[in-house]
Structure formats: structure tokens, C-alpha cells
Amino acid sequence: RFPLRKEPSERVPMDLAQFEQLCRNSQLKENEPRVAAEGVLLKFRDEFPDQYCTYMMHVARNSAEDTNRSFAAVMLRTAFLQTDSIASIYYSLTPPVQASLKADALQAVQEEKNKSIFRKFCDLVGVMGSAILCAERGGQWPELLPWLFECTKSPAALMREGALDTFSQIAMLLGPQLKSYLRVFFDVLSAALVDPQSAQVRLAAVKAASSFLLCCDQKEELTVFQPLIPLMLRTISDALTAGQEDSARTALEALIDVVDVQPTFLRANLQEIIQGMLSIADTATLEPGTRHLALEFLITVAENAAGMARKAPGYVQNTFQVIIKMMLELNEDPTWGQTPPDTDELMNADFGCRSLDRFALALKGKTVLPVAMPVVQQFLQSPDWKYRHTALMAIALIGEGCKKMIKEEQQAHLVAMIQPAFQDPHPRVRWASVNAIGQMCNDFSPDFQRRFHAQVMPALARLMSEKEYPLIQQHAASATINFTEECRAETITPYLNDCLQVLYDQLLSPMQAVREQAITAVASMADTAGRQFTPYFEHFMGFLKQVFTLPSFEGKEHRMFKAKTMECITLIGLAVGKETFAPHSQEILQVLYQFQTSHPEDDDPRVGYWHQAWCRVCKIMGPDFGPYLEFVIPPLLETASLEPKIKVQDADDPDTSEMAGLSTFIIDDKRVGIQTTVLEEKTTAVKMLGCYVAQLRGKFYAYVVPAAKAMVPLVKQRTFEGEYRVNAIQAVPDLVMCINEG
């Protein structure tokens with residue numbers, strides 16, 4: 001990122017006054033002069049890093065304008081920032097400038113009076129420390145740790161807070177040094193956690209303690225800090241009592257980080273912590289984000305220390321009660337079901353649902369079912385729709401985690417509990433019943449479909465016809481997909497007539513999401529039913545072909561529906577067979593060809609669907625597809641032959657800027673970056689080529705040589721094991737057969 005270091009003899013193209021004016025111009029509201037100034041600054045930074053940093057530090061410390069000083073401090077922080085893809089400017093500086101900037105940064109923190117700029121200087125010291133002390137470059141800043149310890153004793157609360165915040169930023173890097181001062185650091189944190197002057201100092205101490213604990217790997221080290229836990233909890237309690245929920249959330253996040261990495265560190269105080277978190281999560285007057293973090297802590301305990309959580313007195317029962325109460329926090333909405341839901345805001349009930357899913361996955365059925373089922377049964381009998389809704393959501397959410405404990409008898413019991421809700425007077429309860437049964441279709445397939453089709457499919461057909469509530473229609477279609485994907489043709493055949501009739505009506509729905517789900521359900525039912533779908537083929541094809549010709553389906557908003565329509569047509573074609581599909585094949589091929597030659601945009605969702613559709617039509621038509629290969633094979637060969645961008649560097653090289661935009665991994669002592677999007681495209685292309693070779697054999701002969709040139713190198717490719725290599729290996733025998741037959 002900063003490869004050049006200008007020699008001192010080279011003339012600097014601007015003086016300090018000009019530089020400061022550029023800083024002012026870079027903050028202008030007018031776009032053109034601002035962008036021009038930013039460009040000059042960036043060029044100056046890359047070509048003259050010594051002067052850039054020296055000037056910027058001077059502006060940050062000495063400018064007469066606070067806005068300029070603030071801007072300069074931020075720009076310095078950005079320049080020193082070290083990430084996986086950005087190299088810090090520090091190692092592009094000459095040693096004298098490095099030394100000067102380190103001294104200036106520490107002095108700036110001590111002398112700054114403006115609170116906002118003070119915090120920016122503290123951030124700068126933290127970022128500089130992270131860049132300088134990273135192990136790969138072996139940088140040294142011996143003055144930093146003693147200086148930080150000294151600042152924690154400052155009579156100024158702001159200075160104490162800043163020092164602790166800096167500790168938080170660089171604890172992982174200072175860890176080895178701090179371990180030599182465990183007792184000293186413990187004393188610093190102990191004093192800061194009971195700081196009588198400043199709640200912000202106490203909060204900074206929580207963050208610093210948590211950051212350091214994350215880098216402790218010895219039980220003895222953790223034991224030293226055990227007495228801090230009650231003090232950290234008191235900081236959260238004090239912040240909540242003072243109405244400072246932002247501070248409380250910051251502390252909660254720090255504790256979650258600890259329990260995620262060092263869950264056993266909290267064992268001695270677990271009961272106290274659990275009670276505190278339960279109280280926070282269950283307090284309805286607190287802001288949702290605060291309650292969510294408390295519950296997040298409780299769930300993280302289960303996920304990282306399930307045995308410890310199970311043994312903690314009252315943990316399972318009380319945590320489940322808090323989750324289920326949060327799931328009950330549903331809003332009355334008279335317009336519910338008429339439009340797609342707003343998914344931007346995470347509501348309490350949604351967070352409760354996510355938490356119950358994770359809770360069950362972490363603790364499993366033997367622990368969760370005895371606590372959950374009595375509550376579910378009780379809630380289902382409630383006259384309040386919110387309780388019935390919550391009970392059904394709970395059935396859906398615990399199924400995967402409790403799967404091993406929910407045998408055939410228990411499944412039958414759950415289905416019997418869900419069935420009355422299919423006809424519940426409240427639409428949201430009916431939606432929840434669909435959700436529960438759809439999830440059971442996933443969790444307990446394929447036996448579930450064989451045992452309970454008579455209870456499930458007629459109900460879903462009725463619910464798909466609820467035109468007053470499009471969301472119920474959409475969800476019922478989704479559940480139908482879940483059911484049909486994992487069942488046999490003879491199981492679904494008796495229900496084809498009723499289900500397909502209501503699904504056809506849904507294809508005319510004004511709501512796009514309903515249409516898309518319905519057409520996917522039709523495709524799924526056809527795929528499962530096979531030849532049994534033949535009586536319905538012509539009825540559906542008449543509408544499906546119109547999707548590509550009617551003006552009402554023009555526009556970008558209909559692209560996904562068109563993609564799913566083509567998927568449906570070709571899956572139906574596979575189901576009914578070549579003879580039934582033949583009268584329509586030319587029209588479908590024409591639609592496929594017109595799109596392929598229309599130069600679609602890169603983000604057009606139809607592209608991927610069209611590749612697969614061509615392949616399905618090939619399977620349907622068999623050797624008769626041969627004349628169309630000239631349209632589909634050349635672009636696939638081109639994609640299959642793409643070479644992904646690959647970069648290799650030493651694993652310990654901190655300058656990873658060349659890896660930007662690549663997926664990276666370590667092989668031996670090397671860091672390798674690869675353009676995975678190209679690999680994904682290659683995988684699809686090779687799979688499609690394999691399909692054509694397998695289906696057409698001798699008819700593919702004209703393309704054997706270019707296909708072999710594209711695929712044989714992939715067979716030999718061992719650097720990146722992937723699906724594309726498997727697809728290529730599988731295609732080679734068919735290529736040989738193709739030569740024999742051609």
C-alpha cells in the first residue's frame with residue numbers, strides 16, 4: 001500500500017501551509033473541490049510518507065481550528081491502520097520520523113484539552129500500537145506500556161479512561177508483556193472498576209479486562225482475575241441504575257466476548273452472573289438492544305459450555321422462561337398478512353425465536369423437552385392468540401435440536417397438537433401452524449411425510465387458498481415445498497388435484513412473493529410426482545409460457561419470477577417426459593436462445609437459472625438436442641477455462657493489500673489468495689458440460705477436443721480441491737464414450 005520511501009534530498013512539493021489548506025478543502029461540502037483535495041493528499045501520502053505524517057501530526061496538534069485538528073487525527077489513524085488487506089504506513093517511514101511520531105502521539109494525549117480530539121488521539125495511539133507491535137514485523141515501542149500504566153494513575157479521569165481504552169485496543173499484542181505484570185495489571189483494573197469519580201473509567205476497565213482475558217491461555221492467569229467478575233457485573237448494574245444503557249450494552253458485549261472464548265473463567269461466579277442476566281433480559285422497561293445482549297450472554301453460555309449450563313441451578317428452566325416471554329411480545333397489527341413483512345427491525349419476539357433455536361441446538365432434547373413441552377401444551381389452550389402463536393413457534397424451533405428425542409410417537413403427539421391450529425380463528429396462529437408443520441417436514445423427513453401426509457396435505461391445500469391473507473398462502477406453499485421435496489410420488493399423488501388447483505390461482509396473485517413461492521411449489525410437486533403430473537401439464541404450460549410474452553411481466557422486478565418460471569417449465573418437462581413436452585420445446589428453446597443472446601446484466605438472476613434450464617431441456621430431448629449445442633457449449637467452455645486470480649505470499653507478511661477481494665488460506669508457510677467467484681462459475685460450467693456429455697454421448701463429438709482441453713487440466717489440478725474437480729473427473733469417462741460413439 002505504501003511501497004515508496006522518498007529520500008530526504010528529494011524536494012517536497014508543498015509546504016505546511018499548503019498542506020493545512022488541503023486538509024480544509026478535504027472537508028468541504030462541495031463535491032468537486034473536496035474530491036480534488038483528497039486526491040492530492042492521497043498522492044502526497046503515497047509518495048512522501050515522512051512528510052505526510054509529520055505535517056498531519058503538526059496539524060492535529062497545532063492547528064487553530066478544532067475541525068482541522070480532528071480531521072488530521074482521524075487521517076493519521078487511518079494511515080497507521082493495519083488490517084488483513086491494508087498495510088500500515090508505519091513501516092514506510094524513516095526511523096527518525098517513526099521515533100518522532102511515537103513521542104508526539106503520547107505527548108498529544110497528555111496535553112489535549114478537547115475531549116473529542118483527546119479520544120481521537122487515544123485511538124491513534126491504539127492503532128499505532130497495533131501496527132508497531134504486530135509480531136510479524138517485530139516493531140518496538142518500549143515506552144508504551146510504562147506510559148499506559150502511569151496514565152492509569154492520573155488524577156484526570158479522562159486520562160485514566162483513555163489509557164484503559166488503549167489497553168483494550170492492544171491487549172492481544174501486549175499480552176505477553178502484560179503477563180509479566182499480572183498483579184500490577186490486576187491492581188490497575190481493580191482500582192478502575194471501583195473508580196469513585198467516573199462511570200466511564202469503570203466501563204473502560206470492563207473492556208480492558210475482557211480484552212486481556214481473551215489472550216490468557218493458562219488457568220493460573222485466569223485465576224488471578226477471578227475477583228474482578230463481581231466488580232464488572234456491578235459496573236453493568238450501576239450503568240442500568242443510572243439509565244446509561246449505552247454503557248451497559250458496551251459492558252455486556254465485553255462479557256459476551258469473554259464467555260465466548262473463556263466460558264469456564266466465569267464458573268465460580270456463574271450463578272450470580274446468570275441471575276443478573278436473567279433480570280436484565282426479563283425487564284420490559286429496558287431498551288430491546290440491552291435485553292437482547294443479556295439473553296445473548298445466556299445463550300452463549302449454553303453454546304460454549306453446555307455441561308456447565310445444564311448443571312447451573314435454575315439456568316435451563318429460567319432461561320427458557322425468559323425466551324418464551326420474549327417470544328410473546330408480539331404487536332397487534334390489523335394489516336398483518338396483507339403485505340410482505342418488514343424484516344429490517346429485529347423485534348423482541350424475533351430475537352426470542354432465534355434464541356430458542358440456538359438454546360435447543362446447544363442443550364439438546366434430553367434437557368430442553370422436559371422444560372418446553374409442559375409450557376407448549378399450556379399455551380396452546382390459552383384464549384390469547386399470542387400464547388397459541390408462541391407455542392407453535394416453539395414446536396418449530398426446538399425440533400432440530402431435539403430431533404433425536406422426538407421419536408415417532410412424539411411426532412404424532414406434536415402433529416395432533418398442531419392440527420387444531422390449522423383452523424384457528426386468528427390468522428397469525430394459522431401462519432404459525434403452517435410454520436411448525438413445514439419445519440417438521442424438514443426435521444423429520446422422509447418418514448414424517450410417509451406417516452402424516454393425510455393430516456398435513458389437505459390442511460396445506462386449504463391454507464393456500466386463504467386469499468385474504470397472502471402471507472399465509474405464501475407460507476403454506478413454502479411448507480408444501482418442504483413436504484414434497486422429501487416424499488415419494490405415491491405419497492403426493494392423491495393430493496395433486498387439490499394442491500395444484502390452489503397453486504394455479506396463486507400464480508395470479510398481485511403479490512410477487514406469493515407468485516414466486518407458488519411457482520416453486522408447482523415445480524417441486526411436478527419433480528416429485530413425475531408422470532403423475534401429466535394430466536395437469538397443458539393447463540400450467542398455457543400460463544407459464546405467457547410469462548415471457550405478456551407486457552405485465554416486463555421490468556427488472558419480474559426477473560426472478562421469470563427465472564423461477566423457466567425452472568418450473570423445465571422441471572415439469574423432465575417430469576412428464578419428452579413426448580408430452582415436445583409440442584412446446586421449440587417455443588421454450590426460442591425463449592432460452594433470445595435471453596442468451598441479449599447480453600444480460602451480470603446481476604440478472606436469470607443467468608444461473610438459464611444455464612440449468614438448458615441442461616434440463618437437453619435431458620428431456622436427448623440426442624435431438626444436438627443442433628442447439630452451438631448456442632450453449634461455447635460460453636460454457638469459455639467459463640470452464642477461466643483462470644482465477646491467484647496470489648501467493650509468505651504467511652507472516654503483514655502487507656496483505658494484494659489479497660484484497662480474494663479468499664485467503666494458509667498452505668505450509670504461504671498465504672494463498674484466490675478469486676472464489678471465478679471458481680464458482682467454473683464449477684457450474686463444468687457441471688453443465690458434464691451433463692451435456694452424459695446425455696448426448698456421440699452427438700457431443702464435435703466438442704470433445706475443446707471440452708477435454710478445458711476439463712483434463714482440472715482433473716490434474718490438486719492445489720484447490722473443489723467440486724469443479726470432482727465434476728471434471730466424473731465427466732472424463734463420458735468423454736471417452738463420446739469418442740467411441742462419435
Side-chain angles (χ1 to χ4, degrees), residues 1-83 85-114 116-132 134 137 139 141 654-658 660:
R1 175 77 182 272
F2 301 103
L4 303 176
R5 177 186 288 172
K6 294 293 183 181
E7 295 301 321
S9 59
E10 294 192 45
R11 182 177 178 273
V12 178
M14 71 175 79
D15 59 24
L16 181 57
Q18 292 171 317
F19 184 88
E20 185 166 358
Q21 185 59 48
L22 275 174
C23 290
R24 292 189 189 94
N25 293 347
S26 295
Q27 303 168 69
L28 293 172
K29 293 182 179 180
E30 294 81 0
N31 188 58
E32 188 173 340
R34 186 187 71 249
V35 170
E38 289 171 345
V40 175
L41 277 179
L42 286 173
K43 188 173 186 295
F44 186 66
R45 181 191 66 182
D46 292 345
E47 295 183 356
F48 298 91
D50 274 4
Q51 287 72 24
Y52 175 87
C53 290
T54 302
Y55 283 178
M56 200 65 84
M57 180 64 80
H58 181 89
V59 173
R61 295 192 63 191
N62 300 297
S63 176
E65 306 157 33
D66 284 349
T67 54
N68 237 18
R69 297 203 301 121
S70 179
F71 172 82
V74 171
M75 294 303 290
L76 270 177
R77 180 190 183 279
T78 302
F80 275 96
L81 191 66
Q82 173 86 32
T83 70
S85 58
I86 301 175
S88 172
I89 199 174
Y90 180 77
Y91 292 100
S92 296
L93 304 176
T94 57
V97 173
Q98 290 177 342
S100 174
L101 287 170
K102 288 189 286 189
D104 284 347
L106 299 184
Q107 191 173 2
V109 172
Q110 290 181 302
E111 295 178 353
E112 184 57 54
K113 305 301 181 186
N114 182 300
S116 174
I117 299 175
F118 170 84
R119 295 184 194 282
K120 288 180 172 62
F121 277 132
C122 289
D123 284 343
L124 172 61
V125 170
V127 168
M128 289 176 67
S130 298
I132 295 167
C134 64
R137 298 300 289 260
W141 197 352
D655 184 1
T656 57
S657 56
E658 290 188 353

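Taking CG of Asp15 as the start and CD of Glu20 as the end, the distance is 10.5 Å to the nearest 0.5 Å. Between Glu30 atom CD and Glu32 atom CD the span is 10.5 Å, to the nearest 0.5 Å. Rounding to the nearest 0.5 angstrom, the gap separating the NZ atom in Lys120 from the OG atom in Ser70 is 3.5 Å. Rounding to the nearest 0.5 Å gives a distance of 5.5 Å between CG of Leu101 and OG1 of Thr54. Taken from CG in Leu124 to CE in Met75, the straight-line distance is 12.5 Å, to the nearest 0.5 Å. Atom-to-atom distance recorded for Gln110:CD and Leu106:CG is 7.0 Å, nearest 0.5 angstrom.
Heavy-atom minimum distance, Ser26 versus Arg34: O-CG, 3.2 Å. The two residues Phe121 and Ala60 make their nearest non-hydrogen contact at CZ-O, 3.6 Å. Across Ala79 and Tyr52, no two heavy atoms sit closer than the pair CB-CE2, 4.2 Å.
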Side chain to side chain contact (heavy atoms under 4.5 Å, CB included) between Met14 and Val40, intermediate numbers included: CA-CA 11 Å; Met14 71 175 79; Val40 175; 4.0 Å; yes
Side chain to side chain contact (heavy atoms under 4.5 Å, CB included) between Ser88 and Leu81, worked out: CA-CA 5 Å; Ser88 172; Leu81 191 66; over 6 Å; no
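Cys23 has its side chain within reach of Met56: a pair of non-hydrogen atoms, C-beta onward, lies under 4.5 Å apart. Put simply, the side chain of Val125 does not reach to within 4.5 Å of the side chain of Phe80, judged on heavy atoms. A 4.5 Å side-chain heavy-atom check between Met128 and Lys102 finds at least one atom pair inside the cut-off. Counting heavy atoms from C-beta on, the side chains of Glu65 and Arg24 come closer than 4.5 Å. In this structure, Leu76 and Phe71 have side chains that are not in contact, with every pair of non-hydrogen atoms separated by 4.5 Å or more. Side-chain atoms of Pro49 and Leu93, non-hydrogen and from C-beta on, do get closer than 4.5 Å to each other. The shortest side-chain heavy-atom distance between Gln27 and Asn68 falls under the 4.5 Å cut-off.
Comment: Lys43 engages Glu47 in a salt bridge, judged by a side-chain N to carboxylate O separation of less than 4.0 angstrom.
The aromatic rings of Phe19 and Phe44 lie tilted to each other, with the angle between the two planes from 30° to 60°.
Under a cut-off of 6.0 angstrom, the local environment of CD in Glu111 is crowded, with over 12 non-hydrogen atoms contributed by other residues, nucleotides or ligands.
Of the possible donor and acceptor atoms, none in the side chain of Ser100 sits under 3.5 Å from a partner among the backbone N and O of Pro96. Here the side chain of Asp50 pairs a donor or acceptor atom with the backbone of Thr94 at under 3.5 angstrom. With hydrogens and angles disregarded, a donor-acceptor distance shorter than 3.5 Å links the side chain of Tyr91 to the backbone of Ile132.
Sorted by first and then second residue, the pairs that involve residues 66-76 and meet salt bridge (Lys or Arg N to Asp or Glu O under 4.0 Å), not counting sequence neighbours, are Asp66-Arg69, Arg69-Glu112.
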